Amino acid sequence: MRKVIAGLLLATVSLALQGAARAEVAASSDSGFVVAGEAEIAGHAPPAVWQALVQPGGWWNDDHSWSGHAANMTLDPVAGGCFCEAIPGDAAGSVEHMRVVQARSGALLVMRGSLGPMQGEALTGVLTIALSPSADTTGTKFSWTYVVGGYARYPLTSLAPAVDGVVGEQMARLQAHLAAAD
């Protein structure tokens with residue numbers, strides 16, 4: 001529980017430090033939900049944001065990985081490519097978090113899959129991340145939408161805020177990672 005609270009605090013602080021950013025549960029019902037957000041990433045053009053985005057091991061939260069180490073995560077940004085995680089050690093294995101449906105370098109990444117504990121349910125989701133030059137053209141407008149639907153053994157309306165928090169946290173961590181690179 002402390003890790004969850006710490007993660008949510010980190011996301012809140014990161015978003016506040018990064019300026020104009022927002023995340024929300026855009027829609028929710030018994031059969032699914034939509035979480036969405038957007039941010040401006042100052043000083044980094046879309047190609048630089050893309051390069052960081054497709055290297056999740058550098059910015060993803062260790063607490064939201066199966067191995068406990070985000071450095072074990074990789075993302076192959078081509079159609080059919082895997083957002084996967086290696087699990088080293090005695091219980092060696094791997095996890096497919098999502099599969100790339102569409103990738104346009106510096107502009108668009110669409111992936112299909114169920115993140116985290118949703119993998120154990122009959123749910124699937126589509127995460128769309130769009131990048132475009134910011135209004136001042138020195139940064140990037142960054143937006144994401146995660147649409148989840150299917151059947152779960154718990155109410156999806158209660159799951160939506162938690163998923164929004166986790167996805168929003170990861171996007172805030174990407175922003176913080178880019179800011180730290182400056």
Side-chain angles (χ1 to χ4, degrees), residues 11 18 20-29 31-42 44-61 64-66 70-86 94-135 137 139-152 156 159-160 162-178 181:
Q18 296 300 317
R22 66 172 184 82
E24 67 180 4
V25 176
S28 182
S29 75
S31 62
F33 58 86
V34 178
V35 297
E38 63 181 30
E40 293 282 334
I41 300 177
H44 296 275
V49 174
W50 178 265
Q51 286 304 319
L53 174 67
V54 300
Q55 296 177 24
W59 52 269
W60 197 269
N61 186 340
H64 295 291
S65 68
W66 292 104
N72 293 326
M73 295 178 150
T74 58
L75 173 55
D76 185 13
V78 298
C82 189
F83 172 24
C84 288
E85 179 178 356
S94 60
V95 176
E96 178 180 298
H97 294 281
M98 300 185 119
R99 184 66 55 182
V100 175
V101 175
Q102 185 178 162
R104 293 193 328 231
S105 183
L108 183 68
L109 181 63
V110 181
M111 297 184 290
R112 181 178 305 277
S114 301
L115 295 171
M118 291 187 295
Q119 288 184 339
E121 302 298 324
L123 299 170
T124 192
V126 176
L127 176 62
T128 301
I129 300 171
L131 309 174
S132 60
S134 61
T137 69
T140 299
K141 180 180 176 193
F142 180 91
S143 64
W144 66 91
T145 305
Y146 189 32
V147 180
V148 176
Y151 178 81
L156 292 182
L159 181 63
V163 173
D164 182 52
V166 171
V167 175
E169 174 193 356
Q170 303 317 314
M171 299 305 119
R173 289 179 63 87
L174 174 61
Q175 284 181 284
H177 174 75
L178 286 161

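Just so it is clear, the structure is predicted and the values come from calculations on it, not from any experiment.
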Using the six-membered ring wherever Trp is involved, compare the ring planes of F83 and W60 and label them parallel, tilted or perpendicular (cut-offs 30° and 60°). perpendicular
Output the distance between atom CG (N72) and atom OG (S94), rounded to the nearest 0.5 Å. 11.0 Å
Close side-chain approach of L53 to L109, heavy-atom, < 4.5 Å: yes
Between the side chain of T140 and the main-chain N/O of F142, is any donor-acceptor distance below 3.5 Å? no
For L131 against P46, the heavy-atom pair lying closest together: CD1-O, 3.9 Å
Just by modelled atom types, is the A52 backbone N or O under 3.5 Å from a matching donor or acceptor in the H177 side chain? no
Among M171, E169, Q175, find the one that has a side chain to side chain contact (heavy atoms under 4.5 Å, CB included) with R173. E169
When rounded to the nearest 0.5 Å, the distance separating CE of M118 from OH of Y146 is 3.5 Å
For a quick test of reading the model, state the closest non-hydrogen atom pair linking M98 to G113 and the distance between them. CE-O, 3.5 Å
With heavy-atom distances below 4.5 Å as the criterion, would you say the side chains of L159 and V148 are in contact? no
Contact summary for G125 and S114, nearest pair of heavy atoms: N-OG, 4.4 Å
Note, V100 side chain near D76 side chain (heavy atom, < 4.5 Å): no
Does some side-chain heavy atom of T145 sit less than 4.5 Å from a side-chain heavy atom of V147? yes
Can you tell me which residue pairs pass the salt bridge (Lys or Arg N to Asp or Glu O under 4.0 Å) test with a partner in residues 116-128, sequence neighbours excluded? E121-R153
Of all heavy-atom pairs between Q170 and N61, which one has the smallest distance, and what is that distance? OE1-N, 3.0 Å
For the pair E85 (side chain) and W66 (backbone), establish whether a donor and an acceptor sit closer than 3.5 Å, ignoring hydrogens and angles. yes
Under the salt bridge (charged side-chain N to carboxylate O under 4.0 Å, His left out) test, residues paired with R104 that sit two or more places apart: none
Correct closest heavy-atom pair for Q119 and E96 would be NE2-O, 2.8 Å
Looking at every non-hydrogen atom in both residues, tell me the closest pair between A103 and P77 and how far apart they are. CB-O, 3.3 Å
